[in-house]
Amino acid sequence: MMNEPYYPFIRWSTEHCVALAITLLATAVLLLIARRLSEKARFITCRGIALIVAAQFISEYVWRTCTDTYGSWQYNLPLHFCSFMSIFAFIALWWRWRPACTLVYFGVLVGSIQGLITPAMANGYPSMAFYVFFTAHGLLLLVALAIPVLIGWRARGYDDVKALLMMDAYLVLIIPINLYLNTNYGYTRAIPIEGTLLDYLGSAPWYYLWAQLPVLAVFRLLMLPVHDKSED
């Protein structure tokens, strides 16, 4: 396996802030340009982004098999929450399947955004792990916003509750897998990194139980700018 020097990640360092700024700026510019396109061009653009997401996802896990950055194979399976978000992001943009659109919009804007703010990565700048992390999470942010902006998806009824239940289903399914593999996918066995909202909600995995109402409240706020006005 390939080895690379260890670079400690420092939260809110210049490198972290620059990566965040580039991610936000690139997302805003791409969406502003794409929304001015014709409907057919937006359709093609969404499928192009979907292919980029798929290529990034596949290349990341090929890279993981060729490096010891994240340790043994148990820790390099596509079982992270953001890995599932990448799969559903592809489905949402390619087939525009409504449940996938709902899950990605809410799941990324609450779950994956937290990852950008408080990254839990094995190696910092200028390692490959750093670039892989911000590329993957930046693409997820782009897809989450492209769903309402380019596809025209709108939240209806209890879409926020449905998204929360789908995220809960992931946690329920990943807990026995973590116990069997002695892993921590979804952070159901231990807190990911100091300085997250989970710090204030008790121990794992119970902090997810106490987070249900606060997360649902945030989901409800996220519905406001994308609410389907035909329901009014």
Side-chain angles (χ1 to χ4, degrees), residues 1-2 4 7 9 15-16 18-34 42-71 73-97 100-151 153 167 170 174 183 185-187 192:
M1 288 189 175
M2 297 184 298
E4 64 176 344
Y7 306 97
F9 175 76
E15 294 80 10
H16 183 197
V18 169
L20 284 175
I22 292 174
T23 299
L24 295 174
L25 181 61
T27 299
V29 170
L30 287 171
L31 290 176
L32 285 172
I33 294 173
R42 288 199 302 271
F43 178 84
I44 295 172
T45 299
C46 286
R47 287 207 159 181
I49 297 172
L51 291 175
I52 293 172
V53 169
Q56 186 283 322
F57 179 82
I58 294 169
S59 61
E60 175 180 346
Y61 282 93
V62 169
W63 168 73
R64 281 174 176 261
T65 64
C66 300
T67 179
D68 63 353
T69 299
Y70 288 93
W73 66 269
Q74 295 98 320
Y75 307 104
N76 290 289
L77 300 173
L79 297 177
H80 292 284
F81 177 73
C82 289
S83 300
F84 280 93
M85 287 298 97
S86 293
I87 295 171
F88 279 97
F90 175 85
I91 294 171
L93 289 186
W94 194 269
W95 288 291
R96 304 191 176 192
W97 187 41
C101 292
T102 300
L103 176 59
V104 172
Y105 175 76
F106 288 107
V108 168
L109 293 186
V110 170
S112 299
I113 286 268
Q114 177 72 25
L116 284 170
I117 298 172
T118 57
M121 62 179 69
N123 217 344
Y125 178 85
S127 69
M128 180 61 70
F130 181 90
Y131 292 109
V132 168
F133 182 92
F134 280 99
T135 299
H137 286 72
L139 283 172
L140 285 177
L141 175 61
L142 174 62
V143 173
L145 296 177
I147 286 171
V149 173
L150 302 183
I151 292 180
W153 169 90
M167 292 170 67
Y170 162 79
I174 209 66
T183 50
Y185 294 110
Y187 306 114

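In this structure, CG on L77 lies 8.0 Å from OH on Y61, to the nearest 0.5 angstrom. Going from atom CG of L109 over to atom CG of L140 covers 10.0 Å, rounded to the nearest 0.5 Å. Note that CG of L116 and CG of L20 are 6.0 Å apart. Values are rounded to the nearest 0.5 Å. Distance SG/C66 to CE/M128: 11.5 Å, rounded to 0.5 Å. Atoms CH2 and OG1, on W97 and T102 in that order, are 9.5 Å from each other to the nearest 0.5 Å. A distance of 8.0 Å separates OG1 in T118 from NE2 in H16, rounded to the nearest 0.5 Å.
Residues F130 and F134 bring their aromatic ring centres within 6.0 Å.
Applying the side-chain contact (heavy atoms from CB on, under 4.5 Å) test between L142 and each of V53, L150, I147, T27 identifies T27 as the sole match. Partner of Y170 under the ring pair (Phe, Tyr, Trp, His ring centres under 6.0 Å) criterion, out of F88, Y187, F81: F81 alone. With W63 as the fixed residue, the side-chain contact (heavy atoms from CB on, under 4.5 Å) test singles out one of N76, V132, I58: V132.
Judged purely by atom type and a 3.5 angstrom limit, H137 has no side-chain atom pairing as donor or acceptor with the backbone of C82. Side-chain N or O atoms of N123 include one that pairs as donor or acceptor with a backbone N or O of Y7 at under 3.5 Å.
Summarising the local packing, OH of Y125 is surrounded by 12 or fewer heavy atoms from other residues, nucleotides or ligands at distances under 6.0 Å. By the neighbour-count criterion of 12 heavy atoms within 6.0 Å, atom CZ of F133 is densely surrounded, having more than that number from other residues, nucleotides or ligands.
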Stepwise side chain to side chain contact (heavy atoms under 4.5 Å, CB included) check, R47 with L93:
CA-CA 6 Å; R47 287 207 159 181; L93 289 186; over 6 Å; no
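Partners of S59 under the side-chain hydrogen bond (donor to acceptor under 3.5 Å, both in side chains) rule, at least two apart in sequence or in another chain, do not exist in this structure. Contacts of Q56 classified as side-chain hydrogen bond (donor to acceptor under 3.5 Å, both in side chains), with partners at least two apart in sequence or in another chain: E60.
Listed here is the closest heavy atom pair of V104 and A89: CG2-N, 3.6 Å. Listed here is the closest heavy atom pair of V62 and T65: O-OG1, 2.6 Å. Closest of all the heavy-atom pairs between F9 and P119 is CZ-CG, 3.6 Å. The heavy-atom pair separating G107 from M167 by the smallest distance is CA-SD, 3.9 Å.
Between F90 and W95 the shortest side-chain heavy-atom distance falls below 4.5 Å. Annotation: side chain of V143 is not in contact with side chain of Y105 (no heavy-atom distance under 4.5 Å). For the pair R64 and Y75, the minimum side-chain heavy-atom distance is 4.5 Å or more.
Ring geometry for W153 versus F106: interplanar angle over 60°, hence perpendicular rather than tilted (30 to 60°).
Between the side chains of S83 and Y185, no donor-acceptor pair is found at a separation under 3.5 Å.
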